Every structure is written in C-alpha cells, then in structure tokens.
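First comes the structure, then the notes that go with it.
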Number of protein chains: 2
Amino acid sequence: MSASSSKTVEPAHNVHDGRERAKSSLTPVRVALTPAQRFGDYLQSRGMRSTQQRQMLLELVFSGHEHFDADQLMERLPAKGKHGYVSRPTVYRTLAEFVDAGLLRKFELKGRSVYEHDYGYPQHDHLHCTECGKLIEFQCETLSDIKSSVASEHGFQVRSHRLIISGICQPCRKKRRRVRRKVDRI
Amino acid sequence: MSASSSKTVEPAHNVHDGRERAKSSLTPVRVALTPAQRFGDYLQSRGMRSTQQRQMLLELVFSGHEHFDADQLMERLPAKGKHGYVSRPTVYRTLAEFVDAGLLRKFELKGRSVYEHDYGYPQHDHLHCTECGKLIEFQCETLSDIKSSVASEHGFQVRSHRLIISGICQPCRKKRRRVRRKVDRI
DNA sequence: TTGAATGCAAAGGATTTGCAGAGGC
DNA sequence: GCCTCTGCAAATCCTTTGCATTCAA
C-alpha cells in the first residue's frame, strides 16, 4: 500500500497546446478555459484592462509548469528598454492578480514568495531539497483524510494547506557520498 | 478511527518547573537536560560565552510554550535603558543560536519568522486561522507514514517537514455567523 | 476622453552586518 | 588580557506605494 503517488491522477491533456513547456512531475488537468481565457474573464468582470504587460506575463508564466519567484520571472523578461520589458512593481502587481484570479498559488520559501500553477493543475505537495533548493511535487490522497479529521476535531473550516517535506534529494545524496569517500581516502 | 489527535503523547512532566508557563495545547515531554543546561553545553562546546543577554532570552523563551516572533519577544523584554534590555540584533542572533542548538524550530508565516519550542516538545503540526492569526497545534501519526512512503518513492532523505492547514477557527466562524445574521436583518 | 495601468523613485518592514566599545573567562 | 559579544547605525533583501505619465477602451 502506498500513501502517496507522483503519477498523474487523470488522463490529462495539456491546455497549453502550441507552447513548449518545461518538464514537471505532474501533468495538467483538462479544463474548460485556458488560463488566458480565464484571466480575460477575470479582467472584464472587474473593469480591468488587458495590457501588453499582462499578456506578456501570462504567456511567460503559463509557458511552463516550473515553480518560480518574482526574480526568476524578471530574468526571463526582455531587458529594460527592450520591447516586452515589464517593470518589477508591475510584475508583483500582476502576480497578485494571477493569484486572485485563481491562476497561481503563492507560498513562502526561505523568506521569499514562490509561485506555481493552480488553475488546471492537480493538487499536490512538495519535497524540498535543502542542498540544491529543488522542489519535487508529489500527490497524497491520505492528506485529505487528515485534514477532514483534524478539522472536525477542532471545529475548523479548512480552506487550504501547505505541506513541505525537507531533506536531501537523491542526486544530492549521491554527490555527498562521493565527497565523503574522497574525504575518507585522504 | 481518528487520523489525528491533540492529546498528549506521553505521561509528560514539565521540565520547566518553578516557572509559570503559558497555556498550550500540547504538554512538554520529559527530557534529560533542561533547555538551559542543553544550551550551556552548546555554548561550552563551541567556546561561546554565557552572557546576561543569552540568559535573559533563555528565560523568556522557555517560560512559556507559545509561538512567537522576534517582535513579540522584544516586547516582553525590559525597555531600552532598563536592566535586562537586549537589542534587536542580539535577539535575532540569539534566536538563531537557539535554533542551531536544537532548542527552537523556526518557520515562516506571512513573510515573518515564527519560533516554537523544539527541544523537549512533541512533534506536531498547525492549524492557522487566517481571520485571527491564531495557531492551533495538533498531532497526527499518519503523517510519518506519508513521509516514509513518499521518501522511499523518491529516494529522498527526510530531515523534517512543515504542515500548515489554513482556514477559519471555531470562534471566528461563530463571530462571522453573528455578523452575517446582523447584515441579513438590515 | 477618461480612468486604469505603468514605470520610476522612494518607502516599508523584517532581518543582517560592520565595527568600536563592553564584558566574560 | 584576550577574544567574544553587544549595541549602534547602517545596509540588505524583498516587496509595496505615491505619483506623474501612458495607454486601453
């Protein structure tokens, strides 16, 4: 019996056809609208505008499924002065909008905000390698049982959760072993 | 069957006899050394010194079992100028030492560092009320199973984990209901 | 046209650091 | 007396804000 799985939960199709996407441990779930369409609805329903900056960031953010922070996103943008450049404040403002629109989830890691896809992406948790910083996704159905049983015990209304398991990933463990052997020989 | 419990795991005795302590949902576990003794060993083993500031903070931090951040700890200190005052940089430096010595655990909440007892305190996780900010502790044995099964699947060496379930606590839910009724009447 | 969105510069909040003086051992 | 520790001030890091200008609708 396995309490967890990193396999795909549904025979999913990528909603972002026609874009290359970074490799990721989970596969997007088929959804009714693309992120761009959903964000369009979000903007319209609030009298907000579809600007070049928002379009640019939408494309960048949903061209892959990697976790990222504001800095990493900025690095992938054209340099200041170039066409397509978006300023840092606008990046932060837009990321907050994506979160508000339900497209992204935000969480804290080592004092900084990390973002990941939410819309059309399966619920999952993370292994965090403290050596190389890598985030590995995994899925675990048992957690829902824990959540509901804890919730009922405390009369608590659960909105969301965040589970991060820290330790050393396989590649880093191998590297360490190699180093240790070297040290032993000296 | 219950996947979790907030009861005490061991017929524990408080190691901090002779000090008043704040109420907390879990009870400390009996340990060989008091936190002060353990910290003394830590200092000595590294050629570090036992100063008034470190003693002061040790007493404050281990006089209760509440979660706290650097600010809250500072507020409980004598004011600047008064005997027993400890400066902010020293508070941060000393908290880092407590973490390093295994006395405290540190985690992030809403962009700030929160500390809680680790040494002599049972492993637990948290419910976080997004309304009032309260942290409620709970224990869950099932989590160890999840951790080990995920770890073996990914060849991951687990060092620790952090699970925070966010939502609305019972008191806040009741308050909300009251407010809603009032609004309905208008 | 007109108000929302942007970019700039600057502020903000939490935490850290350099350094000269204070104080354990 | 030596060397660590402290407090001060200032720096750092990430993120947010005020405001004049730009631009989508």
Side-chain angles (χ1 to χ4, degrees), chain A residues 36 39-60 67-75 77-101 104-115 133, chain B residues 36 39-58 60-61 67-75 77-101 104-115 133:
Chain A
F39 192 57
D41 290 355
Y42 171 88
L43 292 178
Q44 191 155 54
S45 72
R46 320 204 162 203
M48 295 168 74
R49 295 171 180 175
S50 171
T51 63
Q52 296 196 325
Q53 289 85 342
R54 285 176 177 147
Q55 290 311 315
M56 183 72 194
L57 293 174
L58 202 51
E59 281 187 30
L60 260 185
H67 308 89
F68 62 91
D69 58 26
D71 258 331
Q72 294 171 319
L73 184 53
M74 288 242 47
E75 280 168 21
L77 282 166
K80 190 190 285 200
K82 296 262 168 61
H83 174 73
Y85 168 75
V86 181
S87 71
R88 189 169 288 274
T90 296
V91 164
Y92 276 105
R93 285 187 277 236
T94 307
L95 285 174
E97 288 157 9
F98 288 170
V99 170
D100 201 49
L104 293 183
R105 313 186 103 225
K106 173 183 171 180
F107 59 101
E108 313 273 334
L109 209 56
K110 289 170 24 194
R112 47 202 307 156
S113 294
V114 178
Y115 300 84
Chain B
F39 191 57
D41 290 355
Y42 170 87
L43 292 177
Q44 190 155 56
S45 71
R46 323 204 158 203
M48 294 168 74
R49 292 169 181 175
S50 171
T51 63
Q52 296 196 324
Q53 289 86 340
R54 284 175 177 149
Q55 290 311 315
M56 184 71 193
L57 293 174
L58 202 51
L60 261 185
V61 164
H67 307 89
F68 62 92
D69 60 25
D71 258 332
Q72 294 171 320
L73 184 53
M74 288 243 47
E75 279 167 21
L77 282 165
K80 191 190 286 201
K82 297 262 168 60
H83 175 73
Y85 167 75
V86 181
S87 70
R88 190 169 286 275
T90 297
V91 164
Y92 277 105
R93 285 186 278 237
T94 307
L95 285 173
E97 288 158 8
F98 288 170
V99 170
D100 201 49
L104 293 182
R105 313 185 104 227
K106 174 183 173 182
F107 59 100
E108 313 274 336
L109 211 56
K110 289 171 21 193
R112 45 200 310 156
S113 294
V114 178
Y115 299 84

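Keep in mind that what you see is a predicted model, and the values were worked out from it rather than measured. Below, each value reflects all heavy atoms present in this structure, side chains not excepted, and no hydrogens, waters or symmetry copies. Chain letters run A, B, ... following the sequence lines, proteins first and then strands; every chain starts at 1.
Contacts with DNA chain C (heavy atom under 4.0 Å) in residues 83-96 of chain B: Arg88(B), Pro89(B), Tyr92(B), Arg93(B), listed by number.
Classification of the Phe68(A)-Tyr115(A) ring pair by plane angle, with boundaries at 30° and 60°, yields parallel. The aromatic rings of Phe107(B) and His67(B) stand perpendicular to each other, their planes meeting at an angle above 60°, with 30° marking the opposite boundary.
The side chain of Ser113(B) places an N or O atom within less than 4.0 Å of a non-bridging phosphate oxygen (OP1 or OP2) of dT15(C). Contact annotation: Thr51(B) side-chain N/O to dT6(D) OP1/OP2 distance is under 4.0 Å. Under 4.0 angstrom from either OP1 or OP2 of dC3(D) there lies no side-chain N or O belonging to Arg49(B).
Atoms CD (Gln55(A)) and P (dC23(D)) sit 16 Å apart, rounded to a whole Å. Between the CZ atom of Arg54(A) and the P atom of dG7(C) there is a distance of 11 Å, rounded to whole Å.
Annotation: side chain of Met74(B) is not in contact with side chain of Leu60(B) (no heavy-atom distance under 4.5 Å).
Between Met48(B) and Lys106(B), the residue anchored closer to the 5' end of DNA chain C is Lys106(B), taking for each the nucleotide with the nearest heavy atom. Each of Gln52(B) and Ala70(B) was matched to the nucleotide of DNA chain C holding its nearest heavy atom; the match closer to the 5' end belongs to Ala70(B).
Residue Leu77(A) is tested with Gln53(A), Lys82(A), Met56(A) for a side-chain contact (heavy atoms from CB on, under 4.5 Å); the sole match is Met56(A).
The nucleotide whose nearest atom lies closest to any side-chain atom of Lys80(A) is, among dC8(C), dT15(D), dT15(C), dC8(C). Residue Gln53(B) has its side chain nearest to dG7(D) when only dG7(D), dA25(D), dC5(D) are considered.
Comparing the helix axis at one end of the helix from dT1(C)-dA25(D) to dC25(C)-dG1(D) with that at the other, each defined from 5 consecutive pairs, gives an inter-axis angle of 30° (nearest 10°).
Considering every non-hydrogen atom in both Arg49(B) and Leu43(B), the closest pair reads O-CD1, 3.8 Å.
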